[in-house]
Amino acid sequence: MKILAIDQGTTSTRALLVTPEGITPLLSLAHRQHYPRPGWVEHDAEELLDNLGTCLAAAATTEGVGAVGLANQGESCLGWDARTGEPVGPVIVWQDDRTRDATDRLKAGGAEALVTARAGLPLDPYFSAAKLGWILREIPRARELAVAGRLRLGTTDAFFRDRLTGRFETDVTTASRTSLMNLETCEWDDDLCALFGVPREALPAITASTGDLGWMGGLALTASVVDQQAALFGHGCRAPGDAKITFGTGAFALALSGGGAGTGAVPTIAWQRTGEAPVRALEGGVYAASSAVNWARGGLSGWEEINGFDAPPAISRGLAFVPALAGLACPHWDRRARGAWLGLGLETSGRDMVQAVLEGVAFRTAEVMREMGPVRGVVSIDGGMSANPWFCRFLADVLGRPIRVSEEPELTALGVAQLAASGAGGRLDVPVRGRVLQPAPQPEEWAARFAAARQAVQGFGTFHA
């Protein structure tokens, strides 16, 4: 069986052909990142849609493609006209924190207990609900369309599916990232919609992640799922306690669960195959991972320069970096925190500073993993930073557990393709291979030193406007 996997991510839209023999990249199209104000991150919805259409057109010339699976950004969202399909504004990206004041007011009013009880999520600008409420409050065209009964609100997948299949739908994994879906019933919650000012009638229908989801570019759409959940499936995680970490723009850990939650990790839906009950998971993220490394390595000539370091770990020399460039996610949920190096001296080089950035991502990932509940066996990792051998070794040591570094860089594509094959009534078995790194013990004071640095940036963040 040959499946077209489309990974519509934060920085690009990629099309890949997946067969039992492996994965063949077909096309990759970058899109622009817009930062109109501090803390605001936007995409052009039509640009994303055009890129998606180009990927579908490229696949149309390939024989034997049986179905298409679509992986989406998760929490990024927008509003549009039900009649014309025209967006009322840009896509508000998951990293955007323009609704921080609004979520803070809801917290101060005691609303977080309701959101956590129903949606399983903390009150944070990361999730879609506050963004969707902002669209209705701040964009006059959205209000006009709402009055006329023509406003549609949703995550990017709902926009793509509406425009390309003619069906205004989202899948349960994406809906679980909005703060508007009741995690137990897997339906939109009237009280949550009212809390965030999002009219329920403007939201898409919630479907399973696989099955008959319409036709897209002449191909049957048989899977639609959040990219991180697709990667979880692609890693081969199937039983409670199986976990993966993907190091992309951010670092996102997911672990299959029996339905419970850790202290700071959030419950979510991993996937729901048609005709089956939803599979549940715990999720925790670091907002800036590869994006922090890209930001910090400007003074270096190439990636190979940071594949190894002769010097001892920066943290052992009193230098720490907290990768809070877009705030702190799990388990702190502090959007006022900002990134910082601590312990700089006249002897500190640019190379030392980049080394500290890699270490900071590892330490933050370890904070997340401690919140994931019981994790069994080897933790599987993938993403751009997993190609860095020094980082992978340091990560295993920081986690204190073995990690498998995947040899397959396209596990999101693999996972959504496998789900699409299942939705089409078939199977797509592609073995996942990788090298396993065993941890070496680290001095306890290293983690304590990083924790002190993280607390310092949180304290400084209280003065951040």
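These numbers come from a predicted model, not from an experiment. Only this structure's heavy atoms are used, side chains among them; waters, hydrogens and symmetry mates stay out.
Ion pairing between a basic and an acidic side chain is recognised when a charged N comes within 4.0 Å of a carboxylate O; Glu138 and Arg98 show no such pairing. Salt bridge status for Arg118 with Asp191: present, with a side-chain N to carboxylate O gap under 4.0 Å. The existence of a salt bridge linking Arg161 and Glu169 is confirmed by a sub-4.0 Å separation between a basic side-chain nitrogen and an acidic carboxylate oxygen.
Ser290 places none of its side-chain heavy atoms less than 4.5 Å from the side chain of Thr249. Looking at heavy atoms from C-beta onward, Gln418 lies in side-chain contact with Leu414 at the 4.5 angstrom threshold. Side chains of Leu48 and Gln73 form a contact here, defined as non-hydrogen atoms less than 4.5 Å apart. Contact annotation: the side chain of Asp171 approaches that of Thr207 to within less than 4.5 Å [non-hydrogen atoms, C-beta and beyond]. Between Phe196 and Leu106 the shortest side-chain heavy-atom distance falls below 4.5 Å. Residues Trp40 and His34 are not in side-chain contact: their nearest non-hydrogen atoms beyond the backbone lie 4.5 Å or more apart. At least one side-chain heavy atom of Pro199 sits under 4.5 Å from a side-chain heavy atom of Leu153. Side-chain contact between Ile6 and Leu52 is present, with at least one heavy-atom pair separated by less than 4.5 Å.
One N or O on the side chain of Ser406 and one on the backbone of Glu408 form a donor-acceptor pair closer than 3.5 Å. A distance-only check finds a donor-acceptor pair linking the side chain of Arg401 to the backbone of Gly377 [under 3.5 Å]. The backbone N or O of Ala239 lies less than 3.5 Å from a partner atom in the side chain of Asp242, making a donor-acceptor pair. Between the side chain of Asp352 and the backbone N or O of Ser349, at least one donor-acceptor pair lies under 3.5 Å. Side-chain atoms of Arg335 never come within 3.5 Å of backbone atoms of Pro125 as a donor-acceptor pair (strictly under, hydrogens ignored). Looking only at distances, no side-chain donor or acceptor of Thr155 sits under 3.5 Å from a matching main-chain atom of Gly74. Although no hydrogens or angles enter the test, the distance criterion places a donor-acceptor pair under 3.5 Å between the side chain of Arg280 and the main chain of Leu183. A side-chain donor-acceptor contact under 3.5 Å links Thr173 to the backbone of Val226. For Glu359 (side chain) and Ala314 (main-chain N/O), a donor-acceptor pair under 3.5 Å exists by modelled atom type. In terms of modelled atom types and a separation under 3.5 Å, the side chain of Arg32 and the main chain of Asp44 share no donor-acceptor contact.
Heavy atoms only, all atoms of each residue included: Pro313 and Gln355 are closest at CA-NE2, 3.5 Å. When all heavy atoms of Ala288 and Val361 are compared, the closest pair comes out as O-CG2, 4.0 Å. Smallest separation of non-hydrogen atoms from Arg364 and Gly285: NH2-O, 3.6 Å. The shortest non-hydrogen separation linking Ala45 to Leu78 is CB-CD1, 3.6 Å.
The environment of Gln438 atom CD is dense: over 12 non-hydrogen atoms of other residues, nucleotides or ligands sit within 6.0 angstrom.
Atom-to-atom distance recorded for Asp104:CG and Asp124:CG is 9.5 Å, nearest 0.5 angstrom. The line from SG of Cys237 to CG of Leu232 is 4.5 Å long, rounded to the nearest 0.5 Å. One distance of note links OG1 of Thr54 with CG of Asp50; it measures 6.5 Å at 0.5 Å rounding. Annotation: the span from Thr246 atom OG1 to Asp227 atom CG amounts to 8.0 Å, rounded to 0.5 Å. Atom CG of residue Leu203 and atom CH2 of residue Trp188 lie 5.0 Å apart, to the nearest 0.5 angstrom. In this structure, CG in Asp334 is found 4.5 Å from CD in Gln458, a value given to the nearest 0.5 Å.
A distance of 6.0 Å or more separates the ring centres of Phe363 and Phe321.
The closest side-chain donor-acceptor pair between Gln272 and Ser209, if any, does not fall under 3.5 angstrom. Of the N and O atoms on the side chains of Thr268 and Ser176, at least one donor lies less than 3.5 Å from an acceptor on the other residue.
Residues satisfying the ring-ring contact (aromatic ring centres under 6.0 Å, His included) test with His31, not counting sequence neighbours, are His43.
Partner Val172 forms a side-chain contact (heavy atoms from CB on, under 4.5 Å) with one of Glu187, Gln229, Met181 and no other, that one being Met181.
A tilted orientation is assigned to the rings of Tyr287 and Trp94, their planes being inclined by 30° to 60°. Between Trp80 and Phe159, the ring planes are perpendicular. Angles over 60° get that label, and only those under 30° would be called parallel.
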Stepwise salt bridge (Lys or Arg N to Asp or Glu O under 4.0 Å) check, Arg200 with Asp190:
CA-CA 7 Å; Arg200 180 170 178 168; Asp190 288 332; 2.9 Å; yes

Should Leu121 and Tyr126 be marked as a side chain to side chain contact (heavy atoms under 4.5 Å, CB included) after you check the CA-CA gap, both sets of side-chain angles, and the distance that decides it?
CA-CA 10 Å; Leu121 304 175; Tyr126 173 40; over 6 Å; no

Carefully, step by step, assess Arg177 and Ser128 under the rule side chain to side chain donor-acceptor pair (under 3.5 Å).
CA-CA 7 Å; Arg177 311 303 299 162; Ser128 310; over 6 Å; no

